[in-house]
Number of protein chains: 2
Amino acid sequence: MDPDDRRQQILARAQTLFRERPYGEVSNTEIAAAAGVSRGLLNHYFGTKRELYLAALAEMLDVPPVPVPEYVAGASVRDRVCESVNGWLQLLEDDQETWLAALGTGGDPELEQVVDQAREGIVDHIIEVVGLGPLARSRPEVRGMLRGFSGMAEATSAEWLKRGRLTRHQVHEFLEETLVRLLEDVIPRVLDDPPP
Amino acid sequence: MDPDDRRQQILARAQTLFRERPYGEVSNTEIAAAAGVSRGLLNHYFGTKRELYLAALAEMLDVPPVPVPEYVAGASVRDRVCESVNGWLQLLEDDQETWLAALGTGGDPELEQVVDQAREGIVDHIIEVVGLGPLARSRPEVRGMLRGFSGMAEATSAEWLKRGRLTRHQVHEFLEETLVRLLEDVIPRVLDDPPP
DNA sequence: CACGTTGTTGGCGCCTCGCCAATAGAGATT
DNA sequence: AATCTCTATTGGCGAGGCGCCAACAACGTG
């Protein structure tokens with residue numbers, strides 16, 4: 001068989017398995033059996049199991065981005081932003097299981113639950129400090145949106161601590177300005193908006 | 001030895017090891033040796049290796065939140081928001097390595113690089129669709145902040161797809177409103193602000 | 001026709017994990 | 001004080017997984 005085809009076939013089988021179960025629970029033996037080849041052939045093509053996993057994941061995430069429509073050239077900022085958000089949600093709906101498996105903790109539900117609980121504590125702290133009223137506290141949508149802000153805080157903090165593209169001062173200012181606008185404008189607007 | 005003390009001691013050693021290396025690269029034998037006990041004792045206390053890992057991670061993430069200062073009662077929204085952001089950054093500086101190890105992909109650098117590349121592609125797409133000028137494109141701070149927005153998009157999408165606390169419509173509206181404000185107000189303000 | 005190259009396989013050795021029988025030591029009971 | 005029970009603790013056994021390597025086969029080439 002053609003080496004490129006074989007390599008691609010193994011990767012395809014590995015992807016489907018890594019999508020449904022986390023790394024540690026998928027054995028090379030299983031991947032080889034699913035691909036109809038010997039186990040040693042996996043090492044021949046990809047070296048180690050980790051390299052196979054990285055290759056599979058890289059190809060999973062290497063999806064062509066949603067094409068940019070033409071009309072954005074003369075459109076307003078809001079229209080272009082709307083289009084960008086649409087592109088993201090579209091991408092997410094197209095191959096949902098891929099992103100859910102790749103991002104997060106790799107698909108482990110119990111592990112997910114542990115870090116989820118810690119993040120909910122962060123949200124609790126935000127709610128307490130900014131002094132949300134009891135009516136806002138009771139709505140789960142508010143918690144959901146604040147979890148969104150928490151994700152932003154984690155990402156910008158990583159930009160500061162790991163990548164160095166932001167300073168601590170910039171992270172602070174960015175998060176403060178954003179959170180103020182969320183509380184005063186965005187969140188009330190989303191809450192008041194009726195579902196279509 | 002007192003069972004509680006022993007359990008705590010094993011957890012402490014496991015935490016330090018799991019902080020510096022990802023799950024798969026830390027063996028139970030190593031944890032047992034570091035704790036000065038037999039390997040079988042780990043199974044006696046925690047059952048399986050995964051349970052030990054979850055227990056260690058849960059205790060790592062179970063840090064007491066930064067206490068809320070008193071003056072927030074009569075302060076403005078902005079002051080309280082500032083205090084909340086301060087709390088987050090403080091928490092991050094106090095035990096930085098814990099959060100960096102727990103969040104993200106579990107401390108695996110190569111895996112991190114793969115998903116990082118995918119996320120940078122998302123940022124590229126945002127930049128292209130919203131039509132940022134070449135001067136804004138060139139600044140790495142802009143990319144850093146848009147990565148923050150990307151983190152928010154991932155978190156809110158998880159709220160929609162996994163938790164169900166937000167609808168797709170709400171996610172869309174929330175992200176659109178937020179991104180418009182980021183582009184028009186927040187990002188320019190952070191860029192123009194001189195470092196202290 | 002011989003020969004080197006390469007895809008492919010089965011097997012060997014090492015490591016890790018979960019389980020279990022065996023041990024030792026402390027506390028309780030008589 | 002002696003015994004007995006309970007439990008913390010250990011070493012070892014078996015299963016499974018991974019990386020590596022020698023052997024085989026098939027195909028093109030001189």
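Just so we're on the same page: letters track the sequence lines, and every chain starts at 1.
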Review point. Can we say A/E154 and A/R119 salt-bridge, meaning some charged N sits less than 4.0 Å from an Asp/Glu carboxylate O?
Key: yes

Revision key, fill the gap. Taking every heavy atom of A/A136 against every heavy atom of A/V142, the minimum-distance pair comes out as O-CG2, 3.3 Å

**Study point:** Co-membership, hydrophobic cluster, residues A/L11 and A/L17, 4.5 Å side-chain
**Key:** yes

Practice item. Quickly work out the A/N28 CG to D/dG19 P distance and round it to whole Å. Key: 6 Å

Check your understanding: Which nucleotide span of DNA chain C, 5' end to 3' end, has atoms closer than 4.0 Å to non-hydrogen atoms of chain A?
Key -> C/dG7 to C/dG11

Study note, to complete from the structure: Smallest heavy-atom separation, B/R165 atom then B/Q170 atom, equals O-OE1, 4.2 Å

Check your understanding: Can you tell me if A/W88 and B/S150 form a side-chain donor-acceptor pair at under 3.5 Å?
Key -> no

Check your understanding: Quick one: A/E30 CD to D/dG16 C1', roughly how many Å, whole number?
Key -> 13 Å

Point to revise | A/S27, nearest nucleotide to its side chain (from D/dA8, D/dG19, D/dC18) | key: D/dC18

Exercise for review: In whole angstrom, give the distance that lies between atom NZ of A/K49 and atom P of D/dG19.
Suggested key: 8 Å

Review point. Between atom CZ in A/R39 and atom P in D/dG17, what is the gap in whole Å?
Key: 9 Å

**Study point:** Check: A/Q90/A/D94 side-chain N/O donor and acceptor closer than 3.5 Å
**Key:** yes

**Study point:** Stepwise side chain to side chain contact (heavy atoms under 4.5 Å, CB included) check, A/L183 with A/L132
**Key:** CA-CA 9 Å; A/L183 293 173; A/L132 253 59; 3.9 Å; yes

Practice item. For A/F46, answer base if it contacts any base atom (sugar-phosphate contacts may also be present), sugar-phosphate if it contacts only those atoms, and nothing otherwise; contact means non-hydrogen atoms under 4.0 Å. Key: nothing

Study note, to complete from the structure: Against the side chain of B/Y45, the closest entry in D/dC18, D/dG11, D/dA8 is D/dA8

Point to revise | Nucleic acid contacts of residues 2-17 of chain A, taken as heavy-atom distances under 4.0 Å to DNA chain C | key: A/P3, A/R6

Review point. Between B/L41 (CG) and D/dT10 (C1'), how many Å, whole number?
Key: 9 Å

Check your understanding: How about A/R147 and B/T156: does a side-chain donor come under 3.5 Å of a side-chain acceptor?
Key -> no

Exercise for review: Verify whether one side chain among B/E112 and B/Q117 offers a donor that lies under 3.5 Å from an acceptor in the other.
Suggested key: no

Exercise for review: Taking only the side-chain nitrogens and oxygens of A/N43, find out if one of them lies under 4.0 Å from OP1 or OP2 of D/dG19.
Suggested key: yes

